[in-house]
Amino acid sequence: MENYAIEMLNITKTFSGKAANDNISIQLRKGEIHALLGENGAGKSTLMSILFGLYQADSGIIKKDGEVIEIKGPKDANKYRIGMVHQHFKLVEVFTVLENIILGCETTKFGFIQKKEAKEKIKALSEEYGLNVDLDKLIENTTVGMQQRVEILKMLYRDNDILIFDEPTAVLTPQEIEDLLKIMKNLANSGKSILFITHKINEILAVADRCTVLRKGKYIGTVNISETTKSELTEMMVGRKVEFVVQKKESVPGDVILDVNNLVVAGAKKNKNSVNNVSFKVRQGEIVCIAGIDGNGQSELVYSITGLEKIKSGSVLLKGEDITNANVYRRNKLGIGHIPEDRHKYGLVLDFTLENNLVLKKFEEERFQKFKFIKRDEIREYANKLIEEFDIRSPQGPTNLARTMSGGNQQKAIIAREIDLNPELLIAVQPTRGLDVGAIEFIHKQIVAQRDLGKAVLLVSLELDEVMNLSDRILVMYEGEIVGELNPKETSVKELGLYMSGAKRNVKEGN
Amino acid sequence: MPGWLWFLLQFVIIASIFAYFIIAGKKAKKENKTTWFMKTWKKDSVKAITSSVMSIILGLVIGCLILVIMAIIPSKTSSLSLKTALDGIQLVFSGVFNTGRGASGLTFGFNGVNFGDMLFRATPLILTGLSVAVAFKTGLFNIGAPGQYLASTAVTLILALAIPTSVVPPLFVWLIAFLGGILAGAIWGAVPGLFKSFLNVNEVITCIMMNWIGANVVTILFDKESGPFKFLLDPSGTKNLAYVFKTTHNNVATSKFGLDLIFKGSQVNGGIIIAIIIAILIFIILDKTTFGYKLKACGSNKNAAKYAGINDKVATIISMAIAGGLAGAGAALYYLSGNTEFAWETYQSLPAVGFNGIPVALLACNNPLGVIFSATFISLLDVNGMQLKYMTPYNEYITSIISAFIVYFSAFSLLFRQVLDGSIKINLKSKFSKKSSATVEIVDKKDEKVANQEVSE
Ligand SMILES: Nc1ncnc2c1ncn2[C@@H]1O[C@H](COP(=O)(O)OP(=O)(O)OP(=O)(O)O)[C@@H](O)[C@H]1O
Ligand SMILES: [Mg+2]
C-alpha cells in the first residue's frame, strides 16, 4: 500500500446544521502538487482549515505517512510540519518581514531574539526557491506579491513539508502568478507536498499533478491532470458546460456619462503623483477597461472618482454635473456603483448580516424605512430576491454573518448590491476576483447586460483574459498616466503587455 | 427564614437551571436534533448573557475565597473566624435580602430599604453604562463619562437651585435642570467627537483632558471664596468641604412615582424608571432605526461606511454627543433625586460612577437592555458590601474587589463563549505538559480565537 504524505478520510464538518464538508476524502502523495477545485462555497477553505487545525472535523480521520494524527490547532499542525497560506493573509502589519517570518518560533538566547541566525536561514531559503523579499521592510509597506512570499517563507522557515495554498493567485498580477507557479514547482521538486486551491483551471493544468473536485460540500472525484482537459474539469466542478468567451453584441456608445479631465491625485510620497494628468470619457453603452500592472495608479484613480480619495487638481463630471468635490453620498445618489478592489476593507461590514450588507447603500430608501424605522421584512424579502438572482450561497441565507461566508460568495454579495443599484456608471474593480468559473461567466453576462441597458461601465482588471474579453475599449495605465488606448479587437495580449510595462505608448487623448 | 436555608435555596435553584441546560444540550447533541434549547442557545444574545453570568459567578466565588482566607489567617487584632466568613459569604451573595441578625444567625427576607437603595444607586450607573455602550457601538471609547457627569452635575444643580420656584413651578425647574444637565454632558462629549472627526485626535486623549477640564471648571464655579455660585453652598457644611445644597432646598425633586410605598424608607425615586425608559429608547434607536444602522456600520467598519456614503465624521460627533448626554442624564437624575448632596474639590478623584460605566457596558456586551441588568447588579454588589460592613467585621471594600474580578473575567467573555460552544476543549494535560515558548502560545491563541470566533458565529 502506498504511503501518502497526508490522507484526509471521510471528513465531515457542519456549521449550524449545514454540511460544509460531507464525507470528503483526499489523498496527497509525497512531492506532488494536488489541486483542489470547486465552486464558491464548495468547502475548500473549510477542508484545508481542518487540516491546519483551525476547525475540528465532526467526523473522519487524518493520517500522516500512514499514521493517524490529531490536529487540534495550528500548533499541532506545525508539529506535523503542515503550513498554510490563507485566502486572506495573516501577517502583522507593523512588523518587519523578518519579524513576521520568525514570529512564534524565534530562537532566543538569554531571552533575546537571535535575528542574525534567522536572517541567514531565511536568506538561504529565499535563494534556494527564488523568493525575493526585503527583510527589513514593514509589511504595511510591501506589495501583495511580497506578502505572499513572506507567507511562503514563513512555512519554509518552520521546515514544513506539507504546504497548503488557499487561492494564492487571486490577488497576484499575471507576472507574479507565473513566478509563484515556478516557485511551487521548485518546492514540489525538492520533496514538499502541496495542496493548491485555485479557480483558474489554466493554473491547475500548468502545475498540478492531480486534482480533486468538490461540489456543494461533496466529493466528486480525483483526476490525473495529464489525462484531463479544461472542459472536463469545469464540468465536474459545476455540473454543466461553461462558456469561457463572453458573447456580446457590438457596443453602441451614447452620451458621455463620466468625463475625467486632467485628473491629478497626490501620491503617498510628496514628489510623485499617483495619478498624473489623466483624462478620459466613458459613454453610455460601453465598457471601458483600465488595464495595467497593479500599483500604477488604477486604485487611486477609482478612489478619486468614487470620492474615497481627495483630488489634487483636475475635474470629474458625471452626466455633466461637476462632482470633483462632491461627497460619497452625493456621488452614490447621482448613480455611481462601485465594486471595490478590497472587499473586506470597503465592500462589506463583516459583522453585519448578509441582508444588512445587501442594503448598505439602500437602507434609507423609502421602501426600507418609515419614519426612520427600518422595515425588517422588506429588507429580508429584498435580500432573498438578490440571493436567488445572484446565487449567493450561505448556510443561513439572509441572516448569515458576512464574516462566515466563503470568499467568493462575499464577492457575489457585493456585485449583487452594486448591480442592483442600477447605476448610471458601474465601476468594477477586479469584479471576478476569487469567483469560480461558473460565477465568472454569470457576472460577465451581468456586466454586459448593464452595458446593453445603456449604462456606462468602467472596468479595472489585472486579468488579461477578462480585459480582452469584456471591454469595448482599453486604456492602459502606467506610472499614473494613461499611455495608450487600444481596441481589444485589433490588439493582442502581447501588445497589451508592452503597453502595460511602459515599453510602448500611443497617446491620442481627447476622444 | 434562617440564613443558611435561604442561601442553600438560591444555590439549588441556580445549580438546577444550569444542570438542566447542560443535560438538555448534551442529550440533543447526541440525538442530533435541534431543540428549543439549542435554537435559543445559538442566539448570540443568549451566549453573551451566559458568558457574563459566568464571569459574575467566578468573581463571586473568588470573593468568597478571599473572605475565607482572611478568616483563616491568624491575627491577634482581627475578630474573624470561619463563622464570620460564612456570614460574609451569605452577605456577598444575598446582602440585599438581609433583614438583620436573629438568634440563629443572619436572617433573610425582603428588605425594602436595601432593594430601593440598590435601584437608586443603579440609576446613574445605567446611564453612564449606556453612555459607554453607545460610543462602543460606534467604535469609540468614551472614557470621558466622568467629565460629562461632572459637567452635568454642576449645570443641573445650578439650574435646579438658582431658578426661584416661587416664579417657575418646581416641575418646570426640574425639567429645565434635567435637560440642562443632558445638554452640558452632550457638549462635554461632543468636544472629543469634534476633535476626532476634524483633527483626527484620538478620543481617549481628549476625553481624559475634558475630564480634568470639567473638574477644574466645577472647582471654580463652586469655590468657597470666589466661585460665582458660592451662594449655593450650604453654610452649615463641614469646614473644609464645600457642600452644595440638596435640590430639595429649592423644593425641586424627582417624583417618587409611588416607589417609596413599595420600598419604604429607601432613597429610591422615579429616576430609575426614567433611566429604564431611556435604556429602552436607546435600544430601539440602535436596533430599529436607520440612524442606529449608520452608527453601527461606522463602528464595525468605518471604511465600508464611508464607501456606502455614510458620513462617518458626523456619526462620530453625534455618537459622542449622545454618549455625553446619557452620562449627563445620569448625573441629573442622581442629584435631582433631592436626597444627595454634592461636595467637590479637584484633588478628589473623578466621579467613580463615570468610570464604572465601562464595566457596566462591558458586562452587558454593549447591549442597552443588558446595561439595565448589569448596572443593577453592580449596585447590588455595592449594597451587599454595605451589609457586609454593618453585619460583620469585614469592610465593604471586599465587594469592590469582587466587582474588579468580575470585570477582569468579563474581559475573558470571548473565551467563555468558546468553552460554551465546545469549540475550545479545555485540555489540561496538554497545557501543562508542553513547555513551548510563551510566544507560540500567544500567537496560536490569537489565531485560534479568530478562527473560533468565526465558527461560533
Ligand atoms: N466559520 C463558519 N461558520 C459558519 N459557516 C461557515 C464558516 N466557514 C465557512 N462556512 C460555510 O461553509 C461553506 C463552505 O465555505 P468555504 O469557505 O470552505 O468555501 P470555499 O470552497 O473556500 O469557497 P470560496 O471559493 O468562495 O472561497 C460556505 O457555505 C460557508 O458559508
Ligand atoms: Mg475559500
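Residue numbers begin at 1 in each chain, while the letters A, B, ... track the order of the sequences. On a predicted model such as this, the values are computed, not experimentally measured, just so you know.
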Q: Tell me, for A:Asn327 versus chain B, whether the close heavy atoms (under 4.5 Å) come from the side chain, the backbone, both or neither.
A: neither
Q: Picking from A:Tyr303, A:Tyr329, A:Phe363, which has the most non-hydrogen pairs under 4.5 angstrom with chain B?
A: A:Phe363
Q: In terms of heavy-atom proximity below 4.5 Å to chain B, should A:Phe373 be classed as side chain, backbone, both, or neither?
A: both
Q: Considering only heavy atoms, give the residues of residues 294-307 of chain B separated from chain A by less than 4.5 Å, sorted numerically, with 'none' for an empty result.
A: B:Lys294, B:Lys296, B:Ala297, B:Ser300, B:Asn301, B:Asn303, B:Ala304, B:Lys306, B:Tyr307
Q: Are A:His338 and A:Tyr346, when compared by the centres of their aromatic rings, separated by less than 6.0 Å?
A: no
Q: Do A:Glu378 and A:Arg367 sit within salt-bridge range, that is, some charged N less than 4.0 Å from a carboxylate O?
A: no
Q: Where on A:Arg376 is there a heavy atom nearer than 4.5 Å to chain B: the side chain, the backbone, both, or neither?
A: side chain
Q: Classify the side-chain pair A:Ser45/A:Asp166 by whether it contains a donor and acceptor separated by less than 3.5 Å.
A: yes
Q: Please state whether the side chain, the backbone, both or neither of A:His344 comes within less than 4.5 Å of a heavy atom of chain B.
A: backbone
Q: Counting only heavy atoms closer than 4.5 Å, note whether A:Arg417 contacts chain B via side chain, backbone, both or neither.
A: side chain
Q: Are side-chain N/O atoms of A:Gln369 and B:Thr290 paired as donor and acceptor at under 3.5 Å?
A: no
Q: Would you say that more than 12 heavy atoms from the other residues, nucleotides or ligands in this model lie under 6.0 Å from the CZ of A:Arg158, or not?
A: yes
Q: Can you give me the closest heavy-atom contact between A:Gln56 and A:Gly73, atom names plus distance?
A: NE2-N, 4.4 Å
Q: Between atom CG of B:Leu326 and atom CG of B:Asn142, what is the distance when rounded to the nearest 0.5 Å?
A: 9.5 Å
Q: So does A:Lys375 have more than 12 non-hydrogen atoms from other groups sitting under 6.0 Å from NZ?
A: yes
Q: Is it the case that over 12 heavy atoms from other parts of the model lie below 6.0 angstrom from the CZ atom of A:Phe368?
A: yes
Q: Using non-hydrogen atoms and a 4.5 Å limit, figure out which bit of A:Leu308 sits close to chain B: side chain, backbone, both or neither.
A: side chain
Q: Checking A:Asn356 against chain B: side chain, backbone, both or neither under 4.5 Å from a heavy atom?
A: both
Q: My understanding is that only residues two or more places apart in sequence, or in another chain, count here; which of them pass side-chain contact (heavy atoms from CB on, under 4.5 Å) with A:Ile139?
A: A:Leu91, A:Glu93, A:Val97, A:Asn100, A:Thr142, A:Gln147, A:Val150
